[in-house]
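Worksheet: the structure to be examined is printed underneath.
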Amino acid sequence: MTAECFPRRLRLLSATDFKQVFASACKAGNPHLTILVRANGLAYPRLGMAISRKAVRRAVARNRIKRQLREYFRHHQQQIGNFDLVILCKPGIDKLDKAALRDSVANCFAYMFKRCKPTCINP
RNA sequence: GGAGUUGGCCAGACAGUCGCUGUACCUUCGGGUAUGGAGGAAAGUCCGGGCUCCAUAGGGCAGGGUGCCAGGUAACGCCUGGGCGGCGUGAGCCGACGGAAAGUGCCGCAGAAAAUAUACCGCCGAUGGCCCUUUCGAGGGUACAGGUAAGGGUGAAAUGGUGCGGUAAGAGCGCACCGCGCCGGUGGCAACACGCGGUGGCAGGGCAAACCCCACCCGGAGCAAGACCAAAUAGGGGAACGAUGGUGCGGCCCGCACUGUUCCCGGGUAGGUCGCUUCAGGUGUCCGGUGACGGGCAUCGCAGAUGAAUGGCUGUUCAAGACAGAACCCGGCUUAUCGGCCGACUCCACCU
């Protein structure tokens, strides 16, 4: 397995997984995204996404955003460490084009590293 | 060539690389290899059906739907063909297109009047009244009673049209032709049609997407349907261990209160499995049918996810890529949509 794959164990799969993150998470955000972070005690990070129908109305746009976020996670998973992430999308994110969306995601992750990682080591 | 009508089709292409997911095979159980992986609307959820559970889904009531005829279909509010009406030079297009002499209701403004019709202006005033004249036969005037739907005016709509006769003036009052109703005949399965025959002077406005009447159709809920496995947890039933037990109140008896372990049944939450993709299936061809469609034969296997796959990046290329993402499955309808291709037909212009 290479360092940039994305099998099922790197995802948040159940409602309880999501609840745990929502219950005790460190938040980082920008106008388009919010990232919730929580240490998971495993050897790898896990990703979950929540894009509501309210935030992004069209199914095609929701799928596009989800794929972009997943790709970013897949390529940067080594830098994240053993944390669970839940990425929330805000209304208006579907107005961004491909490049702008990628910039926004990168920006948000950088902010998250700076703000949350130190505090999350001992949550 | 220009303008147009109509039916169908396509929905950027190719290569590399990094990923996701179904299936098959291999596996040292880490994974590897091969091969599939969104749409014409996947959408809206507006109809119809399959499937599942509820009672076997039958009768009645309520409620809802459909509404020219025939056919197609699993079925339909869909499709095909035909009829009728309207629009268009035409190809064609559009139409909730049953009943208004079963009943109820509504018809703004304008207008006299909007429905058992009615007299505003106008016309007449034969007949009756009143006045005048009179040769006593009648004549003239008035517009009081009244007559009149020809003309004017209002309106979306005012009791069929034209002509002649008729009359005081008029009027289907009478007649001719046209229109209309009814009966019959002919053609057609039928809707319906007829430059066919007879008969009736003519019924008598519109709205049924107002209630309603008539005919036909419809039980309800939906894959979070439903079936199975099953940690946890509440309370329940049974059996065995068990000595008539143990603990508390009490000096003791009586009495009162609380109470064990194991197993099974049962229950069903989290979670999981099935339902879940092979089909009213696609393609080709032949036959039947005007057609929708049906039948025969051959051939193909074409998403099946479940915090939810079907993508990211790079390059080349062109006409520069719209609307848009399966969630049980089909048949329709409706709506969104960049650009392009093919077929059939119509009108106009030109050439031969």
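Bear in mind the structure is a predicted one, so any value in this text is a computation, not a measurement. Every chain is numbered from 1 and lettered A, B, ... according to where its sequence line falls, protein lines coming before strand lines.
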If pairing requires Watson-Crick or G-U wobble contacts with both distances under 3.5 Å, which nucleotide is the partner of B/rU283? B/rA298
Within the side chain of A/R11, is there an N or O that forms a donor-acceptor pair under 3.5 Å with the backbone of A/L47? no
Rounded distance [0.5 Å steps], NZ in A/K90 versus CD1 in A/I51: 14.0 Å
Testing B/rA38, B/rC313, B/rA324 for proximity to the side chain of A/Q68, the answer is B/rC313
Measure from NZ or CZ of A/R9 to the centre of the six-membered ring of A/Y44, then state whether that distance is under 6.0 Å and the direction lies within 45° of the axis. yes
Would you classify B/rA298 as syn or anti? Syn applies when the glycosidic angle is within 90° of 0. anti
Please report the distance separating the P of B/rC341 from the corresponding atom of B/rA320, rounded so that it comes out in whole Å. 12 Å
What integer number of Å spans the P atoms of B/rA336 and B/rC323? 14 Å
CZ/A/R38 to CG/A/L85 distance, rounded to the nearest 0.5 angstrom? 12.5 Å
Can you pull out every salt bridge (charged side-chain N to carboxylate O under 4.0 Å, His left out) where at least one residue sits in residues 79-88 of chain A? Sequence neighbours excluded, please. A/R46-A/D84
Base partner of B/rA243, which must satisfy Watson-Crick or wobble distances under 3.5 Å: none
So which protein nitrogen or oxygen atoms get under 3.5 Å of nucleotides 336-339 of chain B's nitrogens or oxygens?
none

Please work out if A/F18 contacts a base, only the sugar-phosphate, or nothing of the nucleic acid, heavy-atom cut-off 4.0 Å. base
Rounded to whole angstroms, how far apart are CZ on A/R9 and C1' on B/rG30? 11 Å
Is the A/F6 ring parallel, tilted or perpendicular to the A/F73 ring (thresholds 30°, 60°)? perpendicular
I need the CG-P distance between A/L69 and B/rC313, as an integer number of Å. 13 Å
Between B/rA344 and B/rU337, how far apart are the two P atoms, rounded to whole Å? 30 Å
Where does B/rG204 fall, syn or anti, if syn means a chi angle no more than 90° from 0? anti
What is the pairing partner of B/rC136, taking Watson-Crick or G-U wobble pairs with both distances under 3.5 Å in any strand? none
Considering only the P atoms, how many Å lie between B/rG153 and B/rC123, rounded to the nearest integer? 16 Å
Mind checking who B/rA24 pairs with, Watson-Crick or G-U wobble, both distances under 3.5 Å? B/rU33
So, is B/rA38 syn or anti if syn means the angle is within 90° of 0? syn
Counting only side-chain nitrogens and oxygens, does A/R62 get under 4.0 Å of the OP1 or OP2 atom of B/rG307? no
Taking for A/F6 and for A/E71 the nucleotide of RNA chain B with the nearest heavy atom, the one nearer the 5' end belongs to A/F6
B/rC130 - base-pair partner by Watson-Crick or wobble geometry, distances under 3.5 Å: B/rG141
Could you please name the partner base of B/rG4, counting Watson-Crick and G-U wobble pairs only when both distances are under 3.5 Å? B/rC345
Conformer about C1'-N of B/rG165 - syn within 90° of 0, anti elsewhere: anti
Partners of A/C108 by side chain to side chain contact (heavy atoms under 4.5 Å, CB included), sequence neighbours excluded? A/N30, A/L33, A/I35
Against the side chain of A/A50, the closest entry in B/rG19, B/rG325, B/rG307 is B/rG307
Whole-Å distance between B/rG307 C1' and A/K19 NZ? 13 Å
Residue A/R58, side-chain atoms from C-beta onward, closest of B/rA324, B/rA38, B/rG311: B/rA324
Classify A/R102 by what it touches in the nucleic acid, base, sugar-phosphate, or nothing, heavy-atom distance under 4.0 Å. sugar-phosphate
Going from CZ on A/F83 to CE on A/M112, what distance comes out if it is rounded to the nearest 0.5 angstrom? 8.5 Å
Grab the NZ-P distance between A/K66 and B/rG312 for me, whole Å please. 14 Å
Quick one: pull up CZ in A/R67 and CZ in A/R74 and give me the separation to the nearest 0.5 Å. 13.5 Å
Atom-to-atom span, OH of A/Y72 to C1' of B/rG19 - whole angstrom: 17 Å
Looking at NE2 of A/H32 and CG of A/N107, how far apart are the two atoms once the value is rounded to the nearest 0.5 Å? 10.0 Å
Gap in Å between the two P atoms, one belonging to B/rG266 and one to B/rC279, rounded: 35 Å
Distance below 4.0 Å between A/R11 side-chain N/O and B/rU21 OP1 or OP2: yes
Is there a side-chain contact (heavy atoms from CB on, under 4.5 Å) between A/L36 and A/C26? Walk through the geometry before answering. CA-CA 6 Å; A/L36 305 179; A/C26 176; over 6 Å; no
Under a 3.5 Å cut-off for both contacts, is B/rU80 paired Watson-Crick or G-U wobble with anything, and if yes, with which nucleotide? B/rA70
For A/K98, answer base if it contacts any base atom (sugar-phosphate contacts may also be present), sugar-phosphate if it contacts only those atoms, and nothing otherwise; contact means non-hydrogen atoms under 4.0 Å. sugar-phosphate
Of the listed nucleotides (B/rC18, B/rA324, B/rA38), which one gets closest to any side-chain atom of A/N63? B/rA38
Glycosidic torsion of B/rG172 (syn if within 90° of 0, anti otherwise) classifies it as syn
Sugar-phosphate, base or nothing in reach of A/R70, heavy atoms under 4.0 Å: sugar-phosphate
Using only heavy-atom distances, decide whether a donor-acceptor pair under 3.5 angstrom links the side-chain of A/R67 to the base of B/rG325. yes
Please measure how far the P atom in B/rA191 lies from the corresponding atom in B/rG99, and state the result in whole Å. 14 Å
What integer number of Å spans the P atoms of B/rA171 and B/rC69? 45 Å
Using atom CE of A/M49 as one end and atom C1' of B/rU306 as the other, report the distance to the nearest whole Å. 14 Å
Using the C1' atom as the reference point in each nucleotide, state the distance between B/rU317 and B/rG294 in Å, no decimals. 49 Å
If we call it a pair only when both distances are under 3.5 Å in a Watson-Crick or G-U wobble match, what pairs with B/rG174? B/rC164
